[in-house]
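Please read the structure below before turning to the comments.
To find a chain, count down the sequence lines: A is the first, B the second, and so on, and within it residues start at 1. Since we're looking at a predicted model, the values are computed, not measured.
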There are 2 protein chains.
Amino acid sequence: MKDFHPTGTCPIRDILCRLGDKWSMLVMITLNTNGTMRFSDIQKTISDISQRMLTVTLRTLETDGLVSRTVYAEVPPRVEYQLTETGKTLMPHIENLVGWALEHMTDIFDNRKKTERQQPA
Amino acid sequence: MKDFHPTGTCPIRDILCRLGDKWSMLVMITLNTNGTMRFSDIQKTISDISQRMLTVTLRTLETDGLVSRTVYAEVPPRVEYQLTETGKTLMPHIENLVGWALEHMTDIFDNRKKTERQQPA
DNA sequence: CAGAATCCTCGCCGATACTG
DNA sequence: CAGTATCGGCGAGGATTCTG
């Protein structure tokens, strides 16, 4: 726990980096809140995600086994996403993190403003 | 909790994005494990971080009030870093996340390999 | 509706050189 | 020792277009 290895060989870094990307956590929180969702519903909920990035993010989460994807052979096509069991086990930790962020964001923003003033124009 | 706002206006996203950058969590884990550390000691522990990125990361964490920086007026200069009280309150959540990553990384890597094979050349 | 493919931009981050 | 300054690549991610 004292030393850390480069990304390629350190599983902890590898996994934390995935969660740290721009949309993964947001998508998982959305799925956890709303349960099973269609592609377009997710996009509506996270209004400023691009179609491309939603696709990429969902594929990555699926590859990692955190989200499952179900295609219904209909016209027009319907695809539904939901958290897997593994994905669900991650959610309490994410929620704790969100809770912490909510609790401390005032302090953090105050601190940023304070230190900003110390940098003269 | 159901809808999310664009980055600039959503404090949760703002803060989670900071933690999601390449080095912040790693630096905080290092400081939490070893207590007060000098700049060069942190760099030795996280062997593949560049000098520039360590400086930038520490400055950001300082601006957010998660890490404190103490300069000793000596020659050669000595600068020590440690987690603030606010920073310490974040650590249990990080550790939970790391714990989860350790617990599930085998499943995740297995899943990745499985789905990789489904993509033909 | 749910994507695949392409192009392009922007900013993260690393390497290097210099300083108090 | 602990930075700052500058340059440059490279890849994440956005906009757009096309399809089953």
(request) Tell me, with the steps shown, if B:Arg38 and B:Asp41 meet salt bridge (Lys or Arg N to Asp or Glu O under 4.0 Å). (result) CA-CA 5 Å; B:Arg38 303 182 57 161; B:Asp41 290 332; 5.2 Å; no
(request) Might you work through the salt bridge (Lys or Arg N to Asp or Glu O under 4.0 Å) test for B:Arg112 and B:Asp107, ending with a clear yes or no? (result) CA-CA 9 Å; B:Arg112 280 185 200 167; B:Asp107 296 340; over 6 Å; no
(request) Rounded to the nearest angstrom, tell me the gap between atom CD in B:Glu80 and atom C1' in D:dG3. (result) 16 Å
(request) Find the distance B:Arg18:CZ to C:dC12:P and express it as a whole number of Å. (result) 10 Å
(message) Would you say A:Thr55 places a side-chain N or O within less than 4.0 Å of OP1 or OP2 belonging to C:dG3?
(response) no
(message) If you assign each of B:Pro77 and A:Val79 to its closest nucleotide in DNA chain C, which residue comes earlier from the 5' end?
(response) A:Val79
(message) I need the CD1-C1' distance between A:Ile42 and C:dG3, as an integer number of Å.
(response) 13 Å
(message) Mind checking if A:Gln51 touches a base, just sugar-phosphate, or nothing, with heavy atoms under 4.0 Å?
(response) base
(message) In whole Å, I'd like the distance from the CG atom of B:Leu54 to the P atom of D:dT4.
(response) 11 Å
(request) Establish, with yes or no, whether the OP1 or OP2 oxygen of D:dG3 is under 4.0 angstrom from a side-chain nitrogen or oxygen of B:Tyr81. (result) yes
(request) Send over the distance from B:Arg69 CZ to D:dG3 C1', rounded to a whole Å. (result) 8 Å
(request) Would you mind reporting whether B:Leu31 and B:Ile42 have side-chain heavy atoms less than 4.5 Å apart? (result) yes
(request) Check every atom of D:dG13, D:dA2, C:dC13 against the side chain of B:Arg38 and return the nucleotide holding the closest atom. (result) D:dA2
(message) So if I take every side-chain heavy atom of A:Lys22 and compare against C:dC13, D:dG3, D:dG14, which nucleotide ends up nearest?
(response) D:dG14
(request) Send over the distance from A:Gln43 CD to C:dA2 P, rounded to a whole Å. (result) 9 Å
(request) Can you figure out which of C:dA2, C:dG14, D:dA2 approaches the side chain of B:Ser40 most closely? (result) D:dA2
(message) Can you tell me if A:Arg59 touches the phosphate of C:dG3, counting only side-chain N or O atoms and a distance under 4.0 Å to OP1 or OP2?
(response) yes
(request) Starting from C1' on D:dA5, measure out to CE on B:Met53 and report it in whole angstrom. (result) 15 Å
(message) Using a 3.5 Å distance criterion without hydrogens, assess whether the side chain of A:Ser24 forms a donor-acceptor pair with backbone atoms of A:Asp21.
(response) no
(message) Less than 4.5 Å apart, side chain to side chain, heavy atoms only: is that true for B:Ile46 and B:Asp48?
(response) yes
(message) Would you say A:Arg52 places a side-chain N or O within less than 4.0 Å of OP1 or OP2 belonging to D:dA15?
(response) no
(message) Counting the atoms with a prime plus P, OP1 and OP2 as sugar-phosphate, which does B:Tyr72 contact under 4.0 Å by heavy atoms, base, sugar-phosphate, or nothing?
(response) nothing
(request) Specify the separation, in whole Å, of atom CG of A:Asp21 and atom C1' of D:dA12. (result) 9 Å
